[in-house]
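As a basis for the values below, the full set of heavy atoms in this structure was taken, side chains included, without hydrogen atoms, waters or symmetry mates. In what follows, chains carry the letters A, B, and so on, assigned in the order in which the sequence lines appear, proteins first and then strands, with residues in each chain numbered from 1.
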Number of protein chains: 2
Amino acid sequence: MSKIDNILAILWMLNSGEKITAKQISEKLEMNIRTVYRYIDTLSTSGVPIISDTGHNGGYTLLNNFIEAPLFFDFEEQTSLFHAAVFAEEAGYYGGEALNRAISKLSKYSNQEQEAKINQHFNSLEVIRRFNSLSIAGFLNELELSVADGYSVKIHYDKSGEQQLKFRLVDPYRIIYWNNKWYVIGFCHLRNEIRSFRVDRIESLMPTENKFEQPENFSASDFFKKNLLPTIEDKEEITPLIINGGYRALEDICQHWFLGHYLQERSSDQAIFLLEKGILHTYIPYLLLPYGKSIQVIEPISLKKRLVEVLSDLINFHQK
Amino acid sequence: MSKIDNILAILWMLNSGEKITAKQISEKLEMNIRTVYRYIDTLSTSGVPIISDTGHNGGYTLLNNFIEAPLFFDFEEQTSLFHAAVFAEEAGYYGGEALNRAISKLSKYSNQEQEAKINQHFNSLEVIRRFNSLSIAGFLNELELSVADGYSVKIHYDKSGEQQLKFRLVDPYRIIYWNNKWYVIGFCHLRNEIRSFRVDRIESLMPTENKFEQPENFSASDFFKKNLLPTIEDKEEITPLIINGGYRALEDICQHWFLGHYLQERSSDQAIFLLEKGILHTYIPYLLLPYGKSIQVIEPISLKKRLVEVLSDLINFHQK
DNA sequence: AACTTCCCTGACGGTAGCTGTCAGGGAAGT
DNA sequence: ACTTCCCTGACAGCTACCGTCAGGGAAGTT
């Protein structure tokens, strides 16, 4: 960060109205504390009415909150904000309206030279959208409000694609975006436990006036990863899955959205995953099929057999 | 007078709204005119939208907007910018440093009331990262510069995972982000045509001093979609692929990263795609395998046969 | 077309200024 | 007495800044 940026940052901090110590400033801005003293001195000398208190409960305040410190971004910063907006759009971010307003404001505050430079660099990158389900931004907006303000929602969730008329009351804790899909995680009163719901499978959603308490230090990330696939009911023993293959195929499989979580070890032609036996025989065969002959299961033998079973089954099915 | 003092003094002079010349500034602040030019450049580079006119009646002014209404974002706009940064990070965006700087400025700029609100809404959403290959930000940064400034790069590209010692000179037109992968599209001098390269498969990359002309109105998106898979050499006739299945499976397959492009028509239990025959028999079988028995090929019959062939082949392979 | 007023930039040599470290001092609160 | 706070001077290293010089182009006037 340049000196100007840091000086302005100090002004913004002081302008917040709260007393702040030199140590806090030095930590926030990652500068040496001696430099903080110097900058404060510089600002004071320049006429900024800074009040400094020594001793306990000491720190700096402004005489009044009237300093107008301008906000500006250099072309790299602006370009990156514009690009970030593009990634958010690609993901189907629900706050697109506010984001467009922000971007629009930003784009009005450059002169022609700056604008040309920003465009040049902005156009270096193109983000191509993938296919998404029908717009779920409406539901996401509702959910966001409910999460932020702590209100339960009543949803009609349809997991299997078949009509069901049961509503659920859900305390939404967090919205999740993962692997090109939107989820809401929350406490489901119907099931009396924390559940995740794919937003594109919500048929209807109604806000309620039921207030709930958000749990402290809830990590949606942890919960989510633990519940990636339908839970196998009984605790089963962990077993290694050993796969041989070419460099590229292994690279792909080690970064697989599901299998990647269970990677234990790999070399240039072998990867070892640790999985529960139940998962191994129910889901893994289908996950491996698209790799064709570019990978080979070395262990467990039972999975090789299971694979052949699945394949035979499919042959019968497709010969009908 | 310290530099900061003079820089801020210039900023206030410009903020008066009147046009002012470099000479006037140098006299008022008793500085050399070369230094004035430097300070103006510093401010401009930092993002202050200064308008400069040469010749008679020349001088500096600030963009009108900036005078009347300094840049200000409300909490929704700020939250959305913060979220956008999170999506960019998830994608492995190369401009993360500049983006962090921008976000850092924004977060320091908001007052405490705004900050609490922003945090509340910011924490409503969690973006979970998928697995990515080793950091390619270095290459992406180099590529971005080469794209923006129009310089060729020399790359060593490794598509098959085997060692090859042939370099290519490439005129990079655009960086592409699609389906969680980064590509560069450009004119390949080795192949004498436009090609796309997956950035994580670039083994080495060197900037050159060879300047090239960016083509006008180049849509990387169009090119990219047309070259999604290895090109089938001869023009083959288009044929329909008819698939039956349950609602959910069909929903998934119609949004498939590849097949989605060829969707012609669908109903609640059937989808029709139009594809070239060659693609149909070489790639489609593998793309359909993960769907197991949840979908069924209705037409063409030749594909059903091909599917059975592929499955038999795989059985032999996995029984070794 | 020539001239003048303006913004602009690169290169150079010299040195001013900036930074972090170290040492020391005083005010305020427990 | 101790701790937490603001504060300052001095130093070495080195980076960035400054004024000077030279040159270029845009815009307006005569």
**Backbone N/O of A:V147 and side chain of A:Q214: donor-acceptor pair under 3.5 Å** = yes
**Gap between atom CG of B:N210 and atom CG of B:D171 - 0.5 Å precision** = 6.5 Å
**Asked** Which whole-number value in Å describes the distance from B:N6 CG to C:dG17 P?
**Response** 12 Å
**Item:** nucleotides 3-13 of chain D: protein proximity per nucleotide (B base, S sugar-phosphate only, - neither; heavy atom, under 4.0 Å)
**Value:** BBBBBBBB---
**Asked** With the threshold set at 4.0 Å, does a side-chain nitrogen-carboxylate oxygen contact exist between B:R101 and A:D5?
**Response** no
**Prompt:** Are B:K19 and B:Y60 in a cation-pi setup, meaning NZ or CZ lies under 6.0 angstrom from the ring centre and within 45 degrees of the ring axis?
**Reply:** no
**Asked** A:I51 CD1 to C:dA27 C1': how many Å, rounded?
**Response** 16 Å
**Prompt:** Is there side-chain contact between A:E251 and A:R266, with at least one heavy-atom pair below 4.5 Å?
**Reply:** yes
**Item:** Distance, rounded to the nearest Å, where B:K3 contributes NZ and D:dG19 contributes C1'
**Value:** 15 Å
**Stepwise ring-ring contact (aromatic ring centres under 6.0 Å, His included) test for A:Y173 and A:F223** = CA-CA 11 Å; A:Y173 292 163; A:F223 170 85; 8.9 Å; no
**Message:** Let's test your reading of the pairing rules: Watson-Crick or G-U wobble, both distances under 3.5 Å, then write DNA chain C as a dot-bracket string with ( ), [ ], | and dots.
**Reply:** ||||||||||||||||||||||||||||||
**Item:** Distance in Å, A:Q255 CD paired with B:D200 CG, rounded so as to fall on 0.5 Å steps
**Value:** 7.0 Å
**Prompt:** Is there a side-chain contact between A:V127 and B:Y93, using heavy atoms and a 4.5 Å cut-off?
**Reply:** no
**Prompt:** Rounded to the nearest Å, what distance is computed from the CG atom of residue B:D5 to the P atom of nucleotide D:dC18?
**Reply:** 12 Å
